[in-house]
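Heads up, the thing below is written out as structure tokens.
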Amino acid sequence: MELNEKRVTLKQIIKHFNLEVLADGDLEQALHKNEIYRSGYELTGFFSKDALELKTAIHVMGARESRYLSRICPTEKRKILEKYFSYPFPAMVLSSQVADHKLLLEVAKEKKKVILKCNMRATKFIRELNFYLKNALGREGMLDEHIFLEVYGIGILLRGPDELKIGATVELLERGHKFITDARLNLKETESGLSGMNSKAELVPEKDYFLEMQGEENINITNYFGIKSTRPVKKVDMIIELEIWQEKKFYDRLGIDDIREDILGYKLPKITLPARKGRNLAVIIETAAINYRLKAMGVNSARYFMEESKKLIEKNKERRERGEAVGEDSLSVKMFAEENRLEILIGEEIADERFLKDTSIHRPALALSGYFDLDEAPYENNGLQIFTIVEVKYLNSLDKETRIRNLEKFFSYKFPAIIICGKMEVPKYITELVEKTGKVLLKSEEEIPSLIIAKLNTYLEQHFAPSVSMHGVFVEMYGFGVLLTGKSGIGKSETALELIHRGHRLIADDMVKFKKRTNGDIVGRAANLPYFMEIRGLGIIDIKTLYGLGAVRIKKRLDAVIEIKEQTTENYLTSINYMSSKAVILDKEVYKAELYMSSGRNAAAMVEIVVMNLMAKRLGHNAEHAYNDGLSRMTEEEKREIFSDDF
């Protein structure tokens with residue numbers, strides 16, 4: 001990088017602020033740094049020999065300092081000022097409120113010190129001078145081999161191989177982002193930070209903004225994309241380095257580490273994005289810009305993901321130590337209540353530590369009469385207990401001693417929770433035993449017991465249904481649940497990210513948990529923390545926060561599996577027989593397709609085509625059969641004419 005040394009003379013400052021010269025001296029003195037100092041200890045006679053402000057800073061005196069000087073006897077004042085003005089600082093500026101400066105000017109002239117006067121208060125002048133010097137003296141340099149863009153308001157320095165930079169830039173411009181320059185980028189330190197500007201900028205925009213092509217005619221940005229696609233200057237926020245994917249190289253998969261690069265003294269955040277077949281760099285760059293804005297607002301998705309993962313691991317560890325089941329073999333009462341809209345009357349603080357382990361739901365019936373001998377399983381196997389007005393009326397019909405004896409026996413069993421149905425008032429003898437035995441008391445507004453039991457049974461059967469975890473990315477497209485699979489690093493997450501940009505929705509990334517419902521449907525959701533996605537080079541991102549609730553959903557029926565593979569032959573097209581293949585998940589056949597990615601294919605667009613073809617099949621149209629059928633009806637002469645190379 002080429003650096004330019006900048007300077008400002010006292011004459012330039014005098015002219016800019018219209019300052020009055022009270023004591024003449026060397027007005028050609030040059031300032032190279034933004035250093036301003038308000039007079040202080042020096043007026044008391046104290047001078048620090050190592051103080052840099054006495055050598056290079058512009059000094060400013062306000063009304064407060066002037067009043068202090070006026071209280072000192074003339075002899076002592078002269079002595080202090082002579083010592084003060086013997087130091088080589090370039091000039092002193094008096095504020096508009098400094099009136100008594102006769103002796104000060106006299107000593108300044110003797111010492112050939114420049115004294116100036118402004119028409120502002122000291123604090124305002126210092127602020128204005130600081131702004132002026134920052135812009136006038138800001139470090140400046142020229143940077144080559146970078147493209148400077150504005151993406152969602154974020155200034156991005158893009159560098160790397162020309163074919164990657166140019167390809168990503170063209171697509172970003174097509175997406176409506178702005179171009180500043182790609183050659184001889186002028187970087188300058190300004191009040192807002194480090195700014196980049198088009199060093200070739202002139203008055204006529206169509207002459208200023210060109211994307212330089214190696215060995216080809218340069219692209220005139222204004223002509224191709226319009227004047228709204230350009231801007232002359234922008235603050236530099238981050239660096240994105242593009243490179244060809246290296247199989248053995250480690251790329252950031254978490255985004256926790258804060259990697260920065262120094263440019264003109266500014267530590268700019270930097271990420272490295274690898275490029276490979278089917279990977280849309282423009283979409284990932286857009287996501288990087290949005291993620292930068294999110295971090296600037298104080299939200300770090302990667303750090304939050306790691307913290308929540310640690311909490312989950314620690315909670316599972318504690319449960320194992322207590323001998324409790326971990327994972328899908330159990331369900332906390334708290335989650336059960338939240339997902340079924342049940343009110344927690346008692347035990348909210350322990351509801352996260354009490355678990356359901358099967359689908360059983362019971363009405364105590366004979367147990368409340370003290371009869372347990374036939375079958376104690378309903379009360380020992382963590383099943384839910386349902387109390388209705390009938391159970392309460394029966395208990396109220398018993399004498400107090402019998403009622404308490406029967407209930408104490410009933411509550412001695414290990415069931416985790418009781419659900420009270422209807423709008424009845426819960427008797428005190430029940431609430432006391434719930435608290436005493438560490439149970440959770442839930443409340444449902446449903447008056448009819450059979451309806452609440454049927455609803456909760458359905459939920460529990462779905463929760464404890466047979467399940468399997470699969471590696472892949474699960475998305476919803478055109479109403480279909482689509483699982484993208486393929487070997488690690490093939491580009492599943494990147495393809496899903498572009499699909500989200502195209503208006504589709506994420507369900508789960510990396511690990512998907514599938515369950516088989518009683519009706520045979522296979523339903524998938526995130527195995528652990530939902531809505532997060534891992535993009536190599538960028539790290540962990542939060543899709544819900546970045547793109548909104550419309551970009552995610554919690555679960556979806558599985559309709560298709562699309563396996564992404566890398567094209568290993570020169571043949572661009574693949575066999576059409578893949579259209580009718582199947583995948584077997586939880587003993588159910590699911591439509592499956594294979595996509596082979598080459599450098600000329602957009603993975604997201606191909607996935608959309610496969611899903612649209614599936615949609616057409618579901619509506620009764622099979623393009624493959626229609627093609628083969630039409631081909632079979634053609635005469636040999638028609639075939640020769642259509643497939644002939646002569647046009």
Side-chain angles (χ1 to χ4, degrees), residues 1-8 12 16 30-35 129-162 164-166 168-170 172-173 177-203 205 207-214 218-219 221-222 227 229-243 258-273 281 285-286 288-289 291-293 295-296:
M1 183 191 302
E2 302 172 15
L3 293 177
N4 298 325
E5 185 69 26
K6 312 227 22 205
R7 62 195 291 272
V8 173
Q12 290 173 302
H16 182 82
L31 306 178
H32 298 276
K33 295 181 179 179
N34 178 18
E35 294 177 315
L129 181 60
N130 177 58
F131 179 81
Y132 171 77
L133 292 177
K134 269 192 175 181
N135 284 282
L137 294 175
R139 285 167 291 183
E140 192 172 342
M142 300 298 293
L143 199 61
D144 271 331
E145 299 181 353
H146 287 67
I147 296 177
F148 190 34
L149 303 165
E150 180 192 63
V151 179
Y152 293 130
I154 304 302
I156 295 177
L157 278 177
L158 200 61
R159 70 182 179 213
D162 288 335
L164 298 183
K165 285 188 304 185
I166 293 171
T169 297
V170 170
L172 286 167
L173 292 173
H177 303 294
K178 294 182 182 294
F179 176 88
I180 292 100
T181 187
D182 75 331
R184 302 299 290 170
L185 171 64
N186 184 14
L187 294 177
K188 183 178 180 181
E189 184 181 30
T190 64
E191 179 69 15
S192 60
L194 185 64
S195 293
M197 56 200 72
N198 190 330
S199 63
K200 300 178 291 184
E202 299 174 3
L203 293 177
K207 294 184 179 179
D208 307 333
Y209 300 97
F210 286 89
L211 183 59
E212 295 189 358
M213 308 292 288
Q214 300 298 319
N218 295 338
I219 296 177
I221 301 299
T222 309
I227 194 168
S229 65
T230 65
R231 64 175 298 172
V233 62
K234 181 72 181 74
K235 179 186 174 185
V236 182
D237 295 299
M238 66 184 303
I239 303 167
I240 294 182
E241 182 152 6
L242 306 178
E243 65 175 45
D258 187 16
I259 300 172
R260 293 181 176 264
E261 181 174 320
D262 187 290
I263 294 184
L264 289 179
Y266 285 82
K267 302 290 186 181
L268 298 175
K270 173 188 168 184
I271 61 173
T272 300
L273 297 180
L281 289 174
I285 291 169
E286 284 183 326
N291 202 46
Y292 174 89
R293 293 181 63 177
K295 286 184 177 180

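Since the model is a prediction, treat every value here as computed from it, not as a measurement.
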What's the shortest heavy-atom distance between Glu243 and Pro161, and which atoms? CA-CD, 4.2 Å
side-chain hydrogen bond (donor to acceptor under 3.5 Å, both in side chains) filter on Asn34, not counting sequence neighbours, yields Asn130
Looking only at heavy atoms, which two atoms of Ala288 and Ile271 are closest? And how far apart? CB-CD1, 3.6 Å
How about Tyr292 and Ile156: do any of their side-chain heavy atoms sit closer than 4.5 Å? no
In sequence, state the C-alpha distance, the side-chain angles, and the governing distance for Leu268 and Leu194, and then conclude on side chain to side chain contact (heavy atoms under 4.5 Å, CB included). CA-CA 10 Å; Leu268 298 175; Leu194 185 64; 4.2 Å; yes
So NZ of Lys267 and CD1 of Ile259: to nearest 0.5 Å the spacing works out to 13.5 Å
Write down the atom of Glu261, the atom of Ile239, and the distance for their closest heavy-atom approach. CB-CD1, 3.9 Å
Is there side-chain contact between Asp144 and Leu185, with at least one heavy-atom pair below 4.5 Å? no
Tell me, please, which residues at least two apart from Glu189 pass side-chain hydrogen bond (donor to acceptor under 3.5 Å, both in side chains). Arg139, Tyr266
Between Leu158 and Leu149, the two heavy atoms sitting closest are CD2-CD1, 4.1 Å
When you look at Phe179 and Leu172, which way does the side chain to side chain contact (heavy atoms under 4.5 Å, CB included) test go after all the steps? CA-CA 9 Å; Phe179 176 88; Leu172 286 167; over 6 Å; no
Who passes side-chain contact (heavy atoms from CB on, under 4.5 Å) against Glu150, sequence neighbours left out? Lys178, Ile180, Arg231, Lys234
Nearest 0.5 Å, please: how far is CD1 in Ile154 from CD1 in Ile240? 10.5 Å
Starting at CG of Leu281, measure out to NZ of Lys165 and round the result to the nearest 0.5 Å. 13.0 Å
Do the non-hydrogen side-chain atoms of Tyr209 and Ser229 ever get within less than 4.5 Å of each other? no
Contacts of type ring-ring contact (aromatic ring centres under 6.0 Å, His included), residue Tyr132, not counting sequence neighbours: His16, Phe17
Quick one: list whatever passes salt bridge (charged side-chain N to carboxylate O under 4.0 Å, His left out) with Arg293, sequence neighbours left out. none
From Ile147 CD1 over to Thr169 OG1, what is the distance, rounded to the nearest 0.5 angstrom? 3.5 Å
Can a donor-acceptor pair be found, under 3.5 Å and without considering hydrogens, that links the side chain of Asn218 to the backbone of Phe210? no
Within a strict 4.5 Å, meaning less than it, do heavy atoms of the Thr181 and Asn186 side chains meet? no
Closest non-hydrogen atoms of Val236 and Gly196, given as atom of the first, atom of the second and distance, are CG2-N, 3.8 Å
Identify, with sequence neighbours excluded, every residue that meets side-chain hydrogen bond (donor to acceptor under 3.5 Å, both in side chains) alongside Glu241. Arg159, Lys270
Has Asp182 got a side-chain atom pairing as donor or acceptor with Leu211's backbone, closer than 3.5 angstrom? no
With side chain to side chain contact (heavy atoms under 4.5 Å, CB included) as the test, would you mind laying out the steps for Ile263 and Leu157 before giving the verdict? CA-CA 11 Å; Ile263 294 184; Leu157 278 177; 4.0 Å; yes
For residues 133-153, the ring-ring contact (aromatic ring centres under 6.0 Å, His included) pairs (sequence neighbours left out) are Tyr152-His177
Would Arg260 and Asp262 pass as an ion pair if we require N to O under 4.0 Å? no
Go through it in stages, so that I can follow the logic: the residues are Ile285 and Leu273, the test is side chain to side chain contact (heavy atoms under 4.5 Å, CB included), and I'd like the CA-CA distance, side-chain angles, deciding distance and then a yes or no. CA-CA 9 Å; Ile285 291 169; Leu273 297 180; 4.0 Å; yes
Lys188: salt bridge (charged side-chain N to carboxylate O under 4.0 Å, His left out) partners, not counting sequence neighbours: none
Glu145 atom CD: more than 12 heavy-atom contacts under 6.0 Å: no
Partners of Ser195 by side-chain hydrogen bond (donor to acceptor under 3.5 Å, both in side chains), sequence neighbours excluded? Thr190
